[in-house]
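Let me begin by presenting the structure, written as structure tokens, before commenting on it.
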Amino acid sequence: MLPIQILLIAFFVIAMVKVAVKNYKGELSIGTTLSWIIFWIIAALITAQPDLTSSAAKLFGVGRGADIVVYFALVGLFFMVFRLMVKIEKLNREITKVVRDKALM
Amino acid sequence: MAIVIIPAYNEEKIIGRVIRGLFEQGLKDIIVVDDGSADGTAAEAAATGVIVLRHEINRGQGAALETGDAKARLMQADMVVHFDGDDQFNPADIRRGIEVMNEKKVDVVLGSRFLDSRSHLPWPKRKIILPISRWVNFVFTGCLLTDAHNGFRILSKNALEKVRITHDRMAHNTEVIRQIRKLGLSYLEFPVEVRYHTYGQGVVGGVAIVRDLLVGLFTKFF
């Protein structure tokens with residue numbers, strides 16, 4: 001394996017450990033923990049065997065491995081951003097509840 | 001008693017005039033909700049003797065109306081009138097609106113700028129923005145109204161008990177209509193006059209409302 005691959009995989013393993021620790025401390029829910037661990041495992045696999053992306057691309061009828069990584073990454077990012085927007089809206093509504101209670105005192 | 005709720009943000013120059021206009025119509029039960037104004041809106045309103053509630057920080061017109069509604073419920077109001085604080089509505093429309101509500105025995109009276117010819121809208125609003133907003137409103141509520149975005153409404157005691165505005169900013173217009181339909185409340189549209197001092201919601205405002213409505217649909221899932 002190339003040095004860059006070893007370095008990246010080491011980084012991903014550290015990230016996984018950090019996520020596991022956060023979950024153990026109760027700072028992350030089980031759903032979020034599993035999502036991130038799966039994400040880092042896939043990242044490690046692709047780093048160790050880049051040809052996997054080409055196989056995946058062929059499976060989905062897409063040209064290059066790099067293309068399919070980008071497509072999935074884009075969809076994932078849009079989903080995460082939308083989820084954040086919804087969470088911000090919920091936070092805003094909670095702030096309004098507090099402001100309203102004070103106004104009505 | 002019928003309580004008029006006026007959401008107000010930075011309207012110190014005009015709020016006194018709006019309140020006096022209501023007094024002239026014999027409407028004395030008024031709640032002004034100062035939505036975190038940076039100017040003297042609250043003081044100007046309080047000087048007239050009406051009830052003034054104050055949001056410490058600005059939350060939006062929808063939030064201010066719901067705060068007013070909450071207070072009205074505590075005061076056991078028989079009905080509430082939502083009336084903008086920027087002096088663009090005609091207070092004489094309130095009396096007529098209440099008469100129509102009592103006569104036709106509906107739960108909600110919704111103001112419309114398009115049922116008579118008193119309101120003169122800037123043409124981009126009339127020809128482009130409002131037709132689109134009527135369609136967007138129909139998609140989100142299933143109701144095709146002549147005026148999809150009008151802050152003038154009268155809620156009966158029954159409607160006041162059941163309707164809860166959760167959209168803080170300007171999407172409350174669509175939200176209230178959606179709830180009316182879901183709750184099976186009776187409603188009708190009623191001609192009101194709007195005099196334009198400021199433009200109101202343009203295209204950017206309209207897009208923000210649609211975005212808020214979409215995000216709002218998903219707050220139960222995330």
Side-chain angles (χ1 to χ4, degrees), chain A residues 12 15-43 46 60 68-105, chain B residues 3 5-9 31-37 41-42 45-46 50-75 77 164-172 175 207-222:
Chain A
F12 298 153
M16 266 190 271
V17 167
K18 284 188 131 174
V19 165
V21 164
K22 282 212 150 110
N23 180 57
Y24 179 72
K25 282 205 266 183
E27 287 168 25
L28 281 179
S29 71
I30 189 78
T32 313
T33 308
L34 280 173
S35 305
W36 279 114
I37 292 196
I38 291 172
F39 174 78
W40 291 125
I41 289 177
I42 294 175
I46 293 176
F60 285 96
I68 198 156
V69 168
V70 168
Y71 297 158
F72 275 108
L74 270 175
V75 170
L77 282 170
F78 275 122
F79 179 76
M80 282 196 275
V81 167
F82 187 71
R83 220 165 146 247
L84 278 172
M85 284 173 73
V86 174
K87 289 205 166 167
I88 290 173
E89 172 67 16
K90 287 173 99 166
L91 277 173
N92 266 323
R93 291 183 184 194
E94 288 182 358
I95 292 173
T96 294
K97 279 206 188 91
V98 176
V99 170
R100 176 168 302 136
D101 284 348
K102 185 132 196 254
L104 290 168
M105 275 199 317
Chain B
I3 298 186
I5 296 172
I6 309 177
Y9 179 60
I31 299 172
V32 168
V33 183
D34 170 19
D35 190 20
S37 300
T41 300
V50 301
I51 296 171
V52 180
L53 301 175
R54 207 175 131 65
H55 281 173
E56 287 228 10
I57 48 178
N58 178 256
R59 302 312 300 154
Q61 196 183 66
L65 285 171
E66 182 57 32
T67 298
D69 282 355
K71 180 71 175 171
R73 281 180 212 115
L74 290 171
M75 291 169 69
R164 292 286 189 278
I165 297 173
T166 60
H167 273 97
D168 285 351
R169 307 231 153 245
M170 298 308 288
H172 65 85
E175 185 188 19
V207 169
I209 291 171
V210 177
R211 179 207 62 206
D212 284 348
L213 288 168
L214 285 170
V215 171
L217 286 175
F218 287 91
T219 54
K220 293 192 193 31
F221 297 109
F222 292 133

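Convention: sequence-line order gives letters A, B, ...; per-chain numbering from 1. Scope of the values below: all heavy atoms of this structure, side chains included, with no hydrogens, waters or symmetry mates.
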Please evaluate residues A:N92 and B:R59 with respect to the criterion side chain to side chain contact (heavy atoms under 4.5 Å, CB included), reporting the C-alpha separation (whole Å), side-chain torsions for both, the decisive distance (0.1 Å), and the verdict. CA-CA 8 Å; A:N92 266 323; B:R59 302 312 300 154; 3.2 Å; yes
Set of side-chain contact (heavy atoms from CB on, under 4.5 Å) partners for B:S37, sequence neighbours left out: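 By the side-chain contact (heavy atoms from CB on, under 4.5 Å) rule, B:S37 matches B:Y9, B:N10, B:D34, B:D39, B:T41.
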Quick check for you: among B:V52, B:L214, B:V215, B:L53, which has the greatest number of heavy-atom pairs under 4.5 Å with chain A?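 Of B:V52, B:L214, B:V215, B:L53, B:V215 has the most heavy-atom pairs under 4.5 Å with chain A.
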Tell me, out of B:A63, B:G36, B:G216, who's got the most heavy-atom pairs with chain A below 4.5 Å.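 Looking at each of B:A63, B:G36, B:G216 in turn, B:A63 comes out on top.
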Report, in residue-number order, which members of [range] are under 4.5 Å from chain B by heavy-atom distance.
{"range": "residues 95-105 of chain A", "result": "A:I95, A:T96, A:V99, A:R100, A:K102, A:A103, A:L104"}
{"range": "residues 73-88 of chain A", "result": "A:F79, A:F82, A:R83, A:M85, A:V86"}
{"range": "residues 16-25 of chain A", "result": "none"}

Can you confirm whether B:E56 is buried at CD, in the sense that more than 12 heavy atoms of other residues, nucleotides or ligands lie under 6.0 Å from that atom?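 Check fails, neighbour count at 12 or below.
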Nearest 0.5 Å, what's the CD-CZ distance between B:E66 and A:R93?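 Reported value, rounded in 0.5 Å steps: 11.5 Å.
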Please flag which part of B:L217 lies under 4.5 Å from any non-hydrogen atom of chain A: side chain, backbone, both or neither.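 For B:L217, no heavy atom lies under 4.5 Å from chain A.
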